[in-house]
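Here the structure is laid out as structure tokens; the discussion comes afterwards.
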Amino acid sequence: MEVDDFLKYMLNFFQNIDKQAQKISEELSQKDLERQDILHYIENTELNAAGYARVGKLLKRVSVERREIKKELEKINCLKDKLANKYNNKLIAGDIIKALKGLQTINNRKGNYVNRTEILKELTETV
């Protein structure tokens with residue numbers, strides 16, 4: 001991974017970690033609502049064995065999906081606690097942006113060297 005790409009990745013991380021945490025929290029809330037709906041369905045509906053089997057499979061699927069979302073949220077919160085919340089994101093993001101601009105300036109200068117002295121005139125002068 002190039003330095004520029006790494007800095008862009010870091011910038012994205014610090015600028016968007018709160019949004020990611022919010023999005024995952026909303027996904028978790030949605031799965032909680034789905035689970036509640038299934039449990040209320042069981043509570044309010046007369047089911048036979050086949051019906052309980054279908055509901056059980058659905059409940060298991062929702063529970064597995066919820067567990068994966070919950071793990072992802074725990075990972076994001078760990079990163080937030082250990083990195084993002086520990087440092088001022090705006091300062092870090094600003095520093096990363098400055099570094100990226102500096103690297104871009106350096107990359108743009110390649111091949112556009114401007115002579116600072118007149119030493120090369122000696123090569124073009126005829127004796």
Side-chain angles (χ1 to χ4, degrees):
M1 177 181 276
E2 294 290 322
V3 174
D4 298 26
D5 294 333
F6 177 69
L7 289 174
K8 289 175 187 174
Y9 186 81
M10 283 180 54
L11 181 62
N12 183 50
F13 170 79
F14 282 107
Q15 288 180 333
N16 295 319
I17 192 160
D18 290 329
K19 291 176 189 173
Q20 283 182 305
Q22 180 63 32
K23 180 181 173 227
I24 294 170
S25 291
E26 290 169 6
E27 290 175 17
L28 183 61
S29 293
Q30 179 62 34
K31 290 301 170 187
D32 287 337
L33 292 173
E34 289 175 4
R35 191 169 67 166
Q36 275 305 110
D37 286 348
I38 294 168
L39 294 175
H40 283 118
Y41 180 80
I42 292 169
E43 182 181 341
N44 297 320
T45 307
E46 290 294 325
L47 297 170
N48 59 19
Y52 278 115
R54 283 193 344 259
V55 170
K57 285 181 182 180
L58 181 59
L59 183 59
K60 180 175 180 170
R61 189 191 83 210
V62 168
S63 294
V64 168
E65 290 170 355
R66 182 183 178 278
R67 171 56 48 204
E68 290 302 314
I69 292 168
K70 198 169 178 184
K71 280 183 191 176
E72 191 66 26
L73 184 59
E74 287 179 279
K75 290 176 186 177
I76 291 290
N77 284 332
C78 176
L79 292 173
K80 279 182 64 176
D81 291 344
K82 304 300 181 205
L83 291 174
N85 292 345
K86 191 172 183 178
Y87 306 103
N88 183 331
N89 285 356
K90 292 183 192 268
L91 291 176
I92 289 174
D95 289 345
I96 293 171
I97 290 169
K98 288 176 188 174
L100 283 168
K101 285 180 181 179
L103 291 174
Q104 186 177 18
T105 300
I106 292 168
N107 288 335
N108 289 342
R109 276 197 313 228
K110 290 181 183 175
N112 296 329
Y113 183 78
V114 176
N115 295 329
R116 296 181 190 169
T117 67
E118 296 183 13
I119 190 71
L120 297 178
K121 284 186 178 179
E122 292 180 24
L123 296 174
T124 59
E125 291 177 356
T126 57
V127 180

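- Annotation: side chain of Asp5 is in contact with side chain of Glu2 (closest heavy-atom distance under 4.5 Å).
- Expressed to the nearest 0.5 Å, how far NZ of Lys23 lies from CD of Glu72 amounts to 9.5 Å.
- Here Val55 is tied into one hydrophobic group with Ile38, Leu39, Tyr41, Ile42, Leu47, Tyr52, Leu58, Leu59, Val62, each link being a pair of ILVMFWY side chains closer than 4.5 Å.
- Looking at Asn44, its side chain does come within 3.5 Å of a backbone N or O of His40 through a donor-acceptor pair.
- Hydrophobic clustering (ILVMFWY, side-chain heavy atoms < 4.5 Å, transitive): Val64 and Leu73 are in distinct clusters.
- Residue pairs meeting the salt bridge (charged side-chain N to carboxylate O under 4.0 Å, His left out) criterion with at least one partner in residues 30-39, sequence neighbours excluded, are Lys31-Glu34, Lys31-Glu65, Asp32-Arg66.
- To the nearest 0.5 angstrom, Ile76 atom CD1 is 10.5 Å from Asn16 atom CG.
- Each salt bridge (charged side-chain N to carboxylate O under 4.0 Å, His left out) pair with one or both residues in residues 39-57, not counting sequence neighbours, would appear here, but there are none.
- Rounded to the nearest 0.5 Å, atoms CG (Leu11) and CD (Gln15) are 3.5 Å apart.
- Lys19 contributes atom NZ, which lies 13.0 Å from atom CD1 of Ile17 (distance to the nearest 0.5 angstrom).
- In the hydrophobic clustering of ILVMFWY residues, with side-chain heavy atoms under 4.5 Å counting as a link, Leu100 and Tyr9 come out apart.
- With values rounded to the nearest 0.5 angstrom, Ile69 atom CD1 is found 10.5 Å from Ser25 atom OG.
- Of all non-hydrogen atoms in Ile96 and Leu7, the two that sit nearest each other are CG2-O, 3.3 Å.
- Put simply, CG on Leu79 and CD on Gln20 are 9.0 Å apart, with the number rounded to the nearest 0.5 Å.
- Here the closest non-hydrogen pair linking Ala21 and Asn77 is CB-OD1, 4.5 Å.
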Practice prompt. Please step through side-chain hydrogen bond (donor to acceptor under 3.5 Å, both in side chains) for the pair Gln22 and Glu26, ending with a clear verdict.
Written response: CA-CA 6 Å; Gln22 180 63 32; Glu26 290 169 6; 3.0 Å; yes
